[in-house]
**Student:** 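To start, I am sharing the structure in question, which I have written as structure tokens.
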Amino acid sequence: MSAAPKIVETKLAERANLYEVALRQTHKAAKAINLSPEVATILSQPKNEIITNFPVKMDDGSTRLFKGYRVQHNNILGPYKGGLRYHEEASLDEVKALASWMTYKCALAEIPFGGAKGGIKFNPRLHSQSELQRITRRFTHALGANIGPEWDIPAPDVGTNAQTMVWLMDTYMNVVGMNDKNAVKHVVTGKTVTSGGSLGRESATGQGVVHCIIEWARDQGFRLDGCTFSVQGFGNVGSHTARILSKLGASLVAVGDYRGYISNPEGINAHKLLEHVQKTGSVAEYRGAKSITRDDFFHVEADVFVPAALELEIGVEEAKALRCKLVVEGANGPTLPEAEDVLLERGIHVIPDIMANSGGVVVSYYEWLQNKRSEQWEAEEVEDRLERRMKRTYEQVKTFAENRSVDWRVASYGLALERIARVYEERGIFP
Ligand code: NAD
């Protein structure tokens, strides 16, 4: 077990309730598109909320009880789909918000999945690999038939990774019976490639964020080569975004994570920084940049800002401080609605989460298809398909926003809600 790491206190002392934020965003879009009250009512709460308290043996022989969540928001478009988060602040309302965003994200990307999210309330950094394995396996067992390859399909999120997904898959495979064992690999996505994952899945969310930035730059006649950007969070989404954007000639000038923030106006090498993070677990103390405060970080001048850490990190003060042209939400729900108003008033364009970070679930869908068909697609095929889909979504959101004179978040939600509402209209309410 490692020592408790130092946590950077965020300024947003009074954190808003994430589910209320999600509802406010949905209501705004529902009003803009005149969503039927029946569909709005159905979507206002998840279909299923599962909470399980389960015991796990620790390395020192003691037993600890963990609280796990799985919230299934909606499955009108297909099986429930969404990540699993290991974080000490996981809560029912947080998971409910994240699950609802998955419903809208899948509808917007036109993939045949519904929305779900799950999590376990604990800090994974304080546990050994063997404890993490036992926690994951026991949680999978506790979920039982509440997950399944045609019912509810988890994926990685904050604090989990491809290894976590492989443990989950293996546990599930070993309880379904020998004959079905190899037919259920697609019970999770985001697995390692050796255990049935897709090429391109690990970098997919960051790659999707970069596709959005490329399209925006093309629209604005803005050159990415030589521009600057900053990233909050240097985990899966943040590090891949930084690495891919750097390849296009953009310069990473500030970055931060749970232990601290750093900057260098001359540019930070994303590859070297990633090596440092893999060794030390954080961007803090990286030698190619100077240490700054969280406050300084939000004042750094950079053309593009990518929040890729946790939700509700951009409050009104942060929105006033940011000196950028574009905010691309790699993280889910990083911007408070009041803060978004400030950004838009200041002429800063916002590409919302359900569009910007949808690359991950899009390639998860490709992984699911490959597993079902016992296929392994080449990296180029995955990349081409992802690029085409991200560009299509970008164009659809842009056109919707222009035609209806709404901001891009309303446009993204509006498109998603219209698609869901059409299906409810056709199918009606059972019985
Ligand atoms: P991760 O666990 O790999 O990385 C999270 C990063 O955020 C780490 O660098 C961590 O140090 C940093 N962080 C945590 N708390 C912080 C704090 N208080 N202040 C500053 N930094 C902090 O997680 P991830 O998978 O990269 O997910 C990041 C965000 O992207 C989340 O909102 C997640 O829901 C969203 N997302 C992830 C995926 C995916 O495929 N992994 C897909 C879509 C959306």
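Each ligand, and each atom within it, is numbered from 1 in the order the structure gives.
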**Student:** Report, in ascending order of atom number, the atoms of ligand 1 lying under 4.0 Å from any heavy atom of Y261.
**Tutor:**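 Listed by number with element: 19 (N), 20 (C).
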**Student:** Below a 4.0 angstrom heavy-atom separation, can you tell me which part of E202, side chain or backbone, both or neither, approaches ligand 1?
**Tutor:**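 For E202, no heavy atom sits under 4.0 Å from ligand 1.
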**Student:** Any atoms of ligand 1 less than 4.0 Å from a non-hydrogen atom of R85? List them with their elements.
**Tutor:**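 Taking each heavy atom of R85 in turn, ligand 1 has 31 (C), 32 (O), 33 (C), 34 (O) under 4.0 Å.
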**Student:** Does an N or O anywhere in D157 fall below 3.5 Å from an N or O of ligand 1?
**Tutor:**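 Yes: some nitrogen or oxygen of D157 is under 3.5 Å from one in ligand 1.
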**Student:** Between R346 and D341, does any NZ, NE, NH1 or NH2 come within less than 4.0 Å of an OD or OE carboxylate oxygen?
**Tutor:**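 Not counted as a salt bridge, because no side-chain N and carboxylate O are separated by less than 4.0 Å.
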**Student:** Below 4.0 Å from ligand 1: does a non-hydrogen atom of R125 turn up there or not?
**Tutor:**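 For ligand 1, residue contact (heavy atoms, under 4.0 Å) with R125 is present.
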**Student:** K105 to ligand 1: N or O pair under 3.5 Å?
**Tutor:**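 In this structure, K105 places no N or O atom under 3.5 Å from an N or O of ligand 1.
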**Student:** Can you check whether Q232 has an N/O within less than 3.5 Å of an N/O in ligand 1?
**Tutor:**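 There is no such contact.
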**Student:** Provide the full list of salt bridge (Lys or Arg N to Asp or Glu O under 4.0 Å) pairs with a residue in residues 99-108, sequence neighbours left out, each pair given once.
**Tutor:**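 Every candidate salt bridge (Lys or Arg N to Asp or Glu O under 4.0 Å) pair involving residues 99-108 fails, so no pair, neighbours aside, qualifies.
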**Student:** Under a 4.0 Å threshold between the charged nitrogen and the carboxylate oxygen, would K28 count as salt-bridged to D407?
**Tutor:**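 Salt bridge present between D407 and K28.
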**Student:** Are any of the N/O atoms in N357 less than 3.5 Å from those in ligand 1?
**Tutor:**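 N357 vs ligand 1: no N/O contact under 3.5 Å.
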**Student:** Side chain or backbone, does H87 bring an N or O within less than 3.5 Å of an N or O on ligand 1?
**Tutor:**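 No: no nitrogen or oxygen of H87 is under 3.5 Å from one in ligand 1.
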**Student:** Is the Y86 ring parallel, tilted or perpendicular to the F122 ring (thresholds 30°, 60°)?
**Tutor:**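 Taking F122 first and then Y86, their aromatic rings sit tilted (interplane angle of 30° to 60°).
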**Student:** For E89, is the nearest heavy atom under 4.0 Å from an atom of ligand 1?
**Tutor:**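 Heavy atoms of E89 never come under 4.0 Å of ligand 1.
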**Student:** Is it the side chain, the backbone, both or neither of R259 that has a heavy atom closer than 4.0 Å to ligand 1?
**Tutor:**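 For R259, no heavy atom sits under 4.0 Å from ligand 1.
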**Student:** At under 4.0 Å between heavy atoms, is it the side chain or the backbone of T205 that contacts ligand 1, or both, or neither?
**Tutor:**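 It is the side chain that gets close, since no backbone atom is under 4.0 Å.
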**Student:** Charged N to carboxylate O below 4.0 Å: is that the case for R392 and E110?
**Tutor:**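 Yes, R392 and E110 are salt-bridged.
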**Student:** Examine distances only and state if a side-chain atom of N146 and a backbone atom of L143 form a donor-acceptor pair shorter than 3.5 Å.
**Tutor:**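 Answer holds: yes.
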**Student:** Excluding sequence neighbours, so at least two apart, what forms ring pair (Phe, Tyr, Trp, His ring centres under 6.0 Å) with F400?
**Tutor:**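 Scan of F400 (ring pair (Phe, Tyr, Trp, His ring centres under 6.0 Å), adjacent residues dropped) gives none.
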**Student:** Any Lys/Arg nitrogen of E367 or K191 sitting under 4.0 Å from an Asp/Glu carboxylate oxygen of the other?
**Tutor:**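 Yes, E367 and K191 are salt-bridged.
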**Student:** Should R294 be listed as contacting ligand 1, given a heavy-atom distance under 4.0 Å as the test?
**Tutor:**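 Distance cut 4.0 Å: R294 fails for ligand 1.
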**Student:** Can you tell which of G82, A204, G235 gets a heavy atom nearest to atom 8 (C) of ligand 1?
**Tutor:**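 Among G82, A204, G235, the closest heavy atom to atom 8 (C) of ligand 1 belongs to G235.
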**Student:** With nothing but distance in play, are any N or O atoms of F234 less than 3.5 Å from an N or O of ligand 1?
**Tutor:**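 For ligand 1, there is an N or O atom that lies under 3.5 Å from one belonging to F234.
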**Student:** Just checking, R373 and W368: is the charged tip under 6.0 Å from the six-membered ring centre and within 45° of the axis?
**Tutor:**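 Judged by the rule (NZ or CZ under 6.0 Å from the ring centre, within 45° of its axis), R373 is not positioned above W368.
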